[in-house]
Amino acid sequence: MRLSRYFLPTMKDTPRDAEIVSHRLMLRAGMMQQSSAGIYSWLPLGFNVLKRIEQIVREEQNAAGWNEVLMPTIQPADLWRESGRYDDYGKEMLRITDRHERDMLYGPTNEEQITDIFRTHVRSYKELPGRLYHIQWKFRDEVRPRFGVMRGREFLMKDAYSFDVDFAAAKRAYNRQFVAYLRTFDRLGLKAIPMAADSGPIGGDLSHEFIILAQTGESEVFCHKDWLTTDAVPSNVDYDGDLQPIVDSCLARYAATDEKHDPATCPVDAADLVNTRGIEVGHIFYFGTKYSAPMGAKVAGSDGKEAEVHMGSYGVGVSRLVGGIIEACHDENGIVWPEEVAPFHIGLVNLKVGDTACDGVTEDLYAKLGNAGIDVLMDDSNDRPGAKLATMDLIGLPWQIVVGPRGVAGGVVEVKNRKTGEREEMTPEAALNRFAG
RNA sequence: CGGGGUGUAGCGCAGCCUGGUAGCGCAUCUGCUUUGGGAGCAGAGGGCCGGCGGUUCGAAUCCGUCCACCCCGACCA
């Protein structure tokens, strides 16, 4: 992509209303624009990142054995009356009346909708387990939206659901998602720690929040220091095998949010305990027959008797992750994207557009990197060198290739790693081989 | 929902107390010079000062009211 043809409205000044770093950087980097409180338009750079995150989440859900569907944003109130939540949900639910005076709502979540789909089509235990997910915009009319996309009213969420014949089978579904989440967040370049969460009226221990560590996070967390150095993520997972040992080994290491943490009963020595901050990016839980019972989602068992299915739901805040990743990955100059979610892999900077030698080297590299299938953003604008380099640092592409008259005269370009700041001079051919070799 | 704060050019801000026809920086446009970490000079364009009402000869400024947005707290399957 040529910068001259890319809509990238960056800002030098920080918009006054943006308080936390991810919000500031998203606005300054031209990723999004606020529409109203907690509601944003996604501009090309931000939308690019959002789609990449979504795709990684999707790939890992598919790998774990879930089928993707797409449910509507607008739902009929009657479904929610069945589950009893229409009256319980309160003002957080945006209620709408259509032209025929029918009560509708903008979905804050989809348990009712998915249960309706399941009960319509599934009759026998032989058709279980049921595993469906979608990635769709949600709306929750938060009392106080804040922190940009971190706590928006409209947000993109992956919500997966499982339907099983009994608790043991439901727990296997839960474990699949648990492991899928470890892998998903790892691919996103994040250290996500599962922490026991309030499981509500159902009870039991099958509810975990996945929290990424970031100094600017919303909640205070405590964990064993081993979490900082250990890579808990399994590779080559056999999702059909027994996942319990993976889950158990993960949970053997202490981690808790401040609500759950009690210094009096904490099993970790103070010297081994890390107190830091985190952002909730995923939440999984088992809730049994909470929806299948009132909504009549039953299947016939092997004994011929009908039984209500055991359900679980598993959420990932996709749009929140954009902000969460920035909170975890930035420095004083701007964003530092992890490679897997970076909107472009390389920023190719022509420091002196119009200079025949610089133009030649830059265009040649751009064409060859593009042919190699690498996403490159080429700065072919007439800005000053300082402005170009500052913009590249701001938008945080993992690599920069800087082509300037000084280097080109000596037959070299500069390759810079955004994260480490290391710069290396090499011939254009060597640079090409570095990335496309 | 309680408490606090802010609305003036695309962005960041001053002006308001003490009323007199709107200003600065950046950005934008034109020209020239410049080109390795957010350039310089010269010129130009862009605002019914959040809305409505009131006081006044006259309101960005004073009064009332509404709206929007931000921050703290409570809340957040």
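What you see below is based on every heavy atom in this structure, not just the backbone, and it leaves out hydrogens, waters and symmetry mates. Letters A, B, ... are given to chains in the order of the sequence lines, protein chains preceding strands, and every chain is numbered from 1.
- If you find the closest nucleotide of RNA chain B to A:Val412 and to A:Pro145, the one lying nearer the 5' end belongs to A:Val412.
- Put simply, CD on A:Glu142 is 15 Å from C1' on B:G73, counting in whole angstrom units.
- B:G37 makes up no base pair with any nucleotide shown, lacking Watson-Crick or G-U wobble contacts both under 3.5 Å.
- Using N1 to N3 plus N6-O4 or O6-N4 for Watson-Crick, or N1-O2 and O6-N3 for G-U wobble, each under 3.5 Å, B:C62 pairs with B:G54.
- A salt bridge links A:Arg119 with A:Glu82: at least one charged nitrogen is closer than 4.0 Å to a carboxylate oxygen.
- In terms of phosphate contacts, A:Gln34 brings a side-chain nitrogen or oxygen within less than 4.0 Å of OP1 or OP2 of B:C70.
- Among the protein residues, A:Phe147 comes within range of the sugar-phosphate backbone only, with heavy atoms under 4.0 Å from sugar or phosphate atoms but none that close to a base.
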Give the C-alpha distance, both sets of side-chain angles, the deciding distance and a yes or no for side chain to side chain donor-acceptor pair (under 3.5 Å) between A:Gln136 and A:Asp159.
CA-CA 8 Å; A:Gln136 177 64 289; A:Asp159 39 321; over 6 Å; no
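- With contacts defined as side-chain heavy-atom distances shorter than 4.5 Å, the pair A:Ser319/A:Leu50 qualifies.
- Taking atom C1' in both B:G12 and B:C70, the straight-line distance is 16 Å, to the nearest Å.
- Side chain to side chain, A:His261 and A:Tyr254 meet the donor-acceptor criterion of an N or O pair below 3.5 Å.
- Comparing A:Val143 and A:Asp17 by the nucleotide of RNA chain B that holds the closest heavy atom to each, the one mapping nearer the 5' end is A:Val143.
- Within 4.0 Å of A:Met157, counting heavy atoms only, lies at least one base atom of the nucleic acid.
- At B:C71, one or more side-chain N or O atoms of A:Arg144 fall inside 4.0 Å of OP1 or OP2 (strictly under the cut-off).
- To the nearest whole angstrom, the two P atoms, one in B:G51 and one in B:U61, are 10 Å apart.
- Comparing the C1' positions of B:A60 and B:U18 gives a spacing of 15 Å, expressed to the nearest Å.
- With a cut-off of 3.5 Å on both Watson-Crick or G-U wobble distances, the partner of B:G45 is given as none.
- Contact of the A:Phe344 side chain with the A:Tyr6 side chain is registered, since non-hydrogen atoms from C-beta on lie closer than 4.5 Å.
- OP1 or OP2 of B:C13 sits under 4.0 Å from a side-chain N or O of A:Arg16.
- B:A22 and B:G46: their C1' atoms are spaced 13 Å apart (whole Å).
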